There are 2 protein chains.
Amino acid sequence: MQKTTQKRTLKTRARLIEASENLITTGGYEALRVEDVVQAAGVAKGTFFAHFRDKDALMEILIGAKLDRFLDSAEARTPPRTVSEIIAALEPVHRFMTSERYVFDLLIRYSGATAVAEIGPIAHFFERYFRLVTMWLEAADVRKDVTPELLAEGVQAFAIQAMSLRFCALHAATTFSDRLETYLDAWLTPPTG
Amino acid sequence: MQKTTQKRTLKTRARLIEASENLITTGGYEALRVEDVVQAAGVAKGTFFAHFRDKDALMEILIGAKLDRFLDSAEARTPPRTVSEIIAALEPVHRFMTSERYVFDLLIRYSGATAVAEIGPIAHFFERYFRLVTMWLEAADVRKDVTPELLAEGVQAFAIQAMSLRFCALHAATTFSDRLETYLDAWLTPPTG
DNA sequence: TCAATAAAATGACCGCGGTCAATAAAAAAT
DNA sequence: ATTTTTTATTGACCGCGGTCATTTTATTGA
């Protein structure tokens, strides 16, 4: 059972991804059509699905790669120690996550691996986000009565909550960062009686 | 500009909804097909879309109605005062919200109104959920350094977080309720130093 | 160098949500 | 009662994601 991958394969895949990125640059994620991608890449429609399980799989790759780059930047900074520093450090990540309703929905949909064997780029991103925040919280000026892991899970939960409300017309008065700061102040630094 | 609605309209609409409910009872939400609904209801496909903006709009109505019934029950109980009582009171609601991946995704997608004018059944449900939990927290044995509204938003955020992880194979070890209890203990009753 | 075999690409085809000009049925006007 | 106007229904059609038997291209073995 030899399964030699031809270099042709890599070229085609690269062409598909590059074509997708170009189309997204001009039209955004939501408007991306598989037929446009294959036409721009100069291949047949079936070829697309020989390289990606479905359209979402490509989206996962593209969005996951972008998110990873943002996490690289966040990781390179000197670790934030206060709530507002943490929010500032994550701002580019959160901004991208809420840049399009379509992107946010896809993130939620693929945030967890449905099977341990198939951890996709987005599930991978959330895992990395969680570990990074955990690390920050270990050394930050926050409550110590619960584990940093639990605190990090809460940060994620509140970030997603704030993002949801960002898309809601009923709560448009407050900005995303202000809302998240309110949440995290109450979550990370409750008053020590 | 009179816009008299014929009784015929109400009948057709009721038939469509009943047919949908029957199909869902046997096949679940995800597998519902518009073509099956109209065939079961004995109308043409176009009729469906004269009554509902799109398939999701019908889903919103069906799922929203179910959720409202669960909230009715929760509201009828004697108000819970502790974390585990709150979790127990919300258990049927949460159970339905996570009964199908498809249902959960739809809930997230329509949790907020995109325009103030179009508050759908699901956005309405989340608003009601929020108000009910707020009311409970006003009289419950929880921290008082922040408003009950903020606490209720947190309960919602943690509930959604726990639901997300329920669908994730990486975190399948812990049950939904156990996880939520851990979250809410830390959120609602932090140690008073 | 030339079969034999494996891998990749192709495009006609399908499923299903959603549209819309045409038609039928009901209500209002005469 | 008959015409006019409004409201509801119809079904052929479209867009787009996804499939698969067939064909093309690369690799291996003699």
Side-chain angles (χ1 to χ4, degrees), chain A residues 1-20 23-24 26-63 100-103 105-106 109-110 118 120, chain B residues 1-20 23-24 27-63 100-103 105-106 109-110 114 118 120:
Chain A
M1 183 193 264
Q2 73 274 37
K3 196 161 119 189
T4 49
T5 338
Q6 307 175 0
K7 46 210 138 169
R8 179 168 60 145
T9 309
L10 299 177
K11 271 204 163 183
T12 306
R13 187 190 158 96
R15 286 235 305 287
L16 284 167
I17 288 183
E18 201 199 323
S20 305
L23 288 169
I24 287 166
T26 64
Y29 288 89
E30 169 128 49
L32 191 74
R33 297 287 168 265
V34 173
E35 304 200 343
D36 294 343
V37 172
V38 296
Q39 199 196 337
V43 298
K45 203 172 180 178
T47 303
F48 181 97
F49 295 97
H51 286 263
F52 310 102
R53 188 174 7 87
D54 52 25
K55 187 184 164 184
D56 281 358
L58 171 68
M59 287 302 193
E60 269 205 88
I61 290 169
L62 297 176
I63 291 174
E100 265 187 64
R101 176 84 227 200
Y102 177 89
V103 171
D105 287 342
L106 194 128
R109 194 148 16 111
Y110 291 99
E118 47 175 67
Chain B
M1 183 191 267
Q2 75 275 35
K3 194 161 119 191
T4 51
T5 339
Q6 308 175 0
K7 46 212 138 167
R8 180 169 57 145
T9 309
L10 298 176
K11 271 204 163 183
T12 306
R13 186 189 158 98
R15 286 235 306 286
L16 284 167
I17 287 182
E18 201 198 324
S20 305
L23 288 169
I24 287 166
Y29 288 89
E30 167 126 52
L32 191 74
R33 297 285 169 265
V34 172
E35 304 200 343
D36 294 343
V37 172
V38 296
Q39 199 197 335
V43 299
K45 202 170 179 180
T47 305
F48 181 96
F49 296 98
H51 286 264
F52 309 101
R53 188 173 8 85
D54 51 26
K55 186 183 163 184
D56 280 358
L58 169 68
M59 288 301 193
E60 270 206 87
I61 291 169
L62 296 176
I63 292 174
E100 265 187 63
R101 175 85 226 201
Y102 177 88
V103 171
D105 287 342
L106 194 128
R109 194 148 15 113
Y110 292 98
T114 50
E118 46 175 67

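Because the structure is a prediction, the values reported are computed rather than measured. Letters A, B, ... are given to chains in the order of the sequence lines, protein chains preceding strands, and every chain is numbered from 1.
Within the nucleic acid shown, A:Leu10 has no heavy atom closer than 4.0 Å to any nucleic acid atom. The residue B:Leu32 sits close only to the backbone: its heavy atoms come under 4.0 Å of sugar-phosphate atoms, none of a base. When heavy atoms are screened at a 4.0 angstrom cut-off, B:Thr9 is found touching the sugar-phosphate backbone but no base atom.
Of the candidate nucleotides D:dG17, C:dT10, C:dA8, D:dG17 has the atom nearest to the side chain of A:Glu35. Closest contact between the side chain of A:Lys55 and the listed nucleotides D:dG18, C:dC16, C:dA28 involves D:dG18. The nucleotide whose nearest atom lies closest to any side-chain atom of B:Ala44 is, among D:dT7, D:dT10, C:dG18, D:dT10. The side chain of A:Arg8 sits closest to C:dA7 out of C:dC16, C:dA7, D:dT10.
Of the candidates A:Leu10, A:Val43, A:Thr47, A:Arg15 forms a side-chain contact (heavy atoms from CB on, under 4.5 Å) with just one, namely A:Val43.
The nearest whole Å value for the distance from the CE atom in A:Met59 to the C1' atom in D:dG17 is 12 Å. Between the CG atom of A:Asp56 and the C1' atom of D:dG18 there is a distance of 12 Å, rounded to whole Å. Between the CD atom of B:Glu30 and the P atom of C:dC16 there is a distance of 12 Å, rounded to whole Å. In this entry the distance linking NZ of A:Lys7 with P of C:dA6 reads 20 Å, nearest Å. Atom CZ in A:Phe49 sits about 14 Å away from atom P in C:dT10, given to the nearest Å. To the nearest angstrom, C1' of D:dT9 lies 16 Å from NZ of B:Lys11.
Taking only distance into account, the side chain of B:Lys45 meets the base of C:dG17 through a donor-acceptor pair shorter than 3.5 Å.
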